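Single-structure report; data block below.
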2 protein chains.
Amino acid sequence: MNKKRITSKELAKLAGVSSATISRAFSPDSRIGNATRDRILSVAREYGYQPNAIARSLNNQRSRLVALVVNAIGNPCEAEEQQLLVHRLQARQLLPIILCCADHADRLQLMRLASTYQVDHVVVFSDMVSMQDAVDIFHTTKPIIVSFEPLASDSVSSISIDGSAAADEIIAKIVGDGKTRFAYLSGTQSSWIDKLRRKWFADALAKRGLAFEAQAFGDYTYDSGFKEAVMLLHRSKVDAIICGNDVMAIGARDAARRILGKNTPGDIAIVGQDGIAMAAWDCNDLTTLSLDHVAFIDAVVDLIERHDAELDGPHSITMTCSVRWGSTA
Amino acid sequence: MNKKRITSKELAKLAGVSSATISRAFSPDSRIGNATRDRILSVAREYGYQPNAIARSLNNQRSRLVALVVNAIGNPCEAEEQQLLVHRLQARQLLPIILCCADHADRLQLMRLASTYQVDHVVVFSDMVSMQDAVDIFHTTKPIIVSFEPLASDSVSSISIDGSAAADEIIAKIVGDGKTRFAYLSGTQSSWIDKLRRKWFADALAKRGLAFEAQAFGDYTYDSGFKEAVMLLHRSKVDAIICGNDVMAIGARDAARRILGKNTPGDIAIVGQDGIAMAAWDCNDLTTLSLDHVAFIDAVVDLIERHDAELDGPHSITMTCSVRWGSTA
DNA sequence: CCGATTTGTGTAAACGTGTACACAGAGTGA
DNA sequence: TCACTCTGTGTACACGTTTACACAAATCGG
């Protein structure tokens, strides 16, 4: 138990070869005799030898580690995409290091720590870190930013998201149903993602001579959606609430239903954003501005692969959202 | 942009000292003059130098990486605990590597890959990997297994969970309400965790001269909870369903309500397990056998710290569950 | 059968740190 | 002033790989 790990030099002695040959036995295409390789692999199995990835990384200048900067893993709105990405990375023998930066005062400190590990790629999902910070800290790595606005830069690849058309569809339907008094329930105060999402809906309203009457700020959680909706509905007579994400929308719906006895979509329309699996659960059946998560992660993986092959400079991709129609709007 | 990272030797030249002194400037307690340290840190900031953690790990035999073996991060039932743990690790300057092993054919391969990175600690949350496999693969690391049965071993620390008392409370209440025909909706076919959880409830039933009339197998997801509950309720006349986790319980409740028009707790009692935040949402208000997640993660962190300090041998901790009473049973 | 190429292997030097050891100078007590 | 400790720094090696280079043996074409 708990024995020291065997090293390539020791294994070399055991197999009667040099440590270089050990290394070659584990490199798929290198000049080595088949007999030697087989013998070495067999001895290696016997002694439980595996090349030390840390040493290899130091030598290769290539760690096969990927930093994932996210707000939270506990929030279903993010976790689904993260899960997809983690699977895809693992299939490519890349190991994800999760940097969970919400509630954590010194996110920058944390990112600096990760950059110290010579990660090969950085994927920034969080809107809590500015793109400039990411570029500064990972200046050696060319981060892939998942932003919501197309950004031009020679050191960052980005995937931006356009939900304006889908927002317009949603507003059209709600206005068509006779609603006129809209509120926006933001995910967070300072986030540029939130500002952009709000703009999609604000523009769609403006096109019809309307505007948001009220606004509130939460923190992307159910509880904040519930609490802010209660306060919102008490202080103004809105009949439609657009929420920053699906979880908050569920909170807002519960608040409207439980505390004020209002039903969707009759009394009040409620709209989420993200299109997570939970939105489609029978008890929720949320109308939501949704993103194709698989296509989205496909795009991220594609960028990582280009980046890996050093094929070309940074790319900028835009994806459009669609609507999931439920019974809440 | 994308400049090469500066090395300690180069910085040494720039600061007019030897590379050893650079290293000392970054080690909190080492013999170095204050003036020298300040000068070095200032020059380091200027050139963006940070010690290479990979090289340091190789030298130290200590990577500060922690492997987290989990089933899924997308499933809220696990994500909450994972999130807590990730925060606690980060606060200790430990970086988590997530190994997501559900849906992934070769989990062992994945674990072997991670072990190659000389992780300092391993936390196994997943019931999909056998403890023996974990010990074999991470024989150099002493994994911390989060099991549900107390296990004796000199190479593994473990935290086990006992929900028998809480299960008894729940069954007492349901039986007291006049229900007699119970079904168990398993999370997964082969999991020993699932078997143990089921046993808690089976024992509580047996004490009252009852037994499970029916059983079904899902995969811990909402959809499987929904589908299996529909089939279960069609083929037998059960009036209480104990589910493998909270998400499945929500699915089962939706199925009962939507497809068969049955309400909880009147027509049918539904019980979850885990006690995730979502169980307390107004729209769910689930009765569930719940674990104190904070205390649980405290225990994990405590084990990691003992393990880090090499204080003593492996430990075995047992935690007891409590009941969250909702309106579904 | 000989020169040219290919194949298989060993030697040695990197990769970027941390640290044991040596050592010079400063301080200290008698 | 001297023997001694303490402080600050440099030198050199170890950590476990990969790989450029060298070289012997094997293969090959004519």
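Order of the sequence lines sets the chain letters (A, B, ...), proteins ahead of strands, with each chain counted from 1. All values reported here derive from a predicted model rather than from experimental measurement.
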Exercise. Which part of the nucleic acid, if any, lies within contact of A:T36, taking any heavy atom under 4.0 Å across all strands shown: a base, the sugar-phosphate backbone alone, or nothing?
Worked result: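 Result for A:T36 = sugar-phosphate.
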Exercise. Counting any heavy atom closer than 4.0 Å, what does B:S57 reach on the DNA or RNA strands: base, sugar-phosphate only, or nothing?
Worked result: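 Answer is nothing: B:S57 stays at 4.0 Å or more from every strand.
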Problem set entry | Least distance between heavy atoms, B:I22 atom then B:S8 atom | CG1-O, 3.7 Å
For this session: Sugar-phosphate atoms are those with a prime plus P, OP1 and OP2; base atoms are the rest. Using that split, label each nucleotide of nucleotides 12-21 of chain D B, S or - for protein heavy atoms under 4.0 Å, 5' to 3'.
Result: --BBBBBB--
Seminar exercise, completed: B:E10 meets the side chain to side chain contact (heavy atoms under 4.5 Å, CB included) criterion, sequence neighbours left out, with B:I6, B:T7
For this session: Taking side chain to side chain contact (heavy atoms under 4.5 Å, CB included) as the test, write out the residues that go with B:R37, two or more places apart.
Result: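 With sequence neighbours excluded, B:R37 shows a side chain to side chain contact (heavy atoms under 4.5 Å, CB included) to B:S30, B:I32, B:L41, given in chain and number order.
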For this session: In whole angstrom, give the distance that lies between atom CG of B:N34 and atom C1' of D:dT7.
Result: 12 Å
Problem set entry | Nucleotide C:dT17, atom C1' - distance to CD of B:E10 in whole Å |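 Spelled out: CD on B:E10 to C1' on C:dT17 is 14 Å.
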Problem set entry | Within residues 41-67 of chain B or reaching into it, pairs that qualify as salt bridge (charged side-chain N to carboxylate O under 4.0 Å, His left out) - sequence neighbours excluded |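 For residues 41-67 of chain B, and leaving out neighbouring residues, the salt bridge (charged side-chain N to carboxylate O under 4.0 Å, His left out) pairs sorted by first residue read B:R62-B:D308.
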For this session: For residues B:Y49 and B:F26, establish whether the separation of their ring centroids is below 6.0 Å.
Result: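 Ring centres of B:F26 and B:Y49 closer than 6.0 Å.
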Problem set entry | Axis-to-axis angle between the two ends of the helix from C:dC1-D:dG30 to C:dA30-D:dT1 (five base pairs per end, rounded to 10 degrees) | 30°
Problem set entry | Exam field: side chain B:S57 to backbone B:A53, donor-acceptor pair closer than 3.5 Å |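 Yes, the answer is positive, given that a donor and an acceptor are paired below the 3.5 Å cut-off.
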For this session: Report the residue from A:T141, A:V156, A:V66 that forms a side-chain contact (heavy atoms from CB on, under 4.5 Å) with A:V122.
Result: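 For A:V122, the side-chain contact (heavy atoms from CB on, under 4.5 Å) test succeeds with only one of A:T141, A:V156, A:V66, which is A:T141.
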Exercise. How would you list, by chain and number, every residue that makes a ring-ring contact (aromatic ring centres under 6.0 Å, His included) with B:F296, sequence neighbours excluded?
Worked result: none
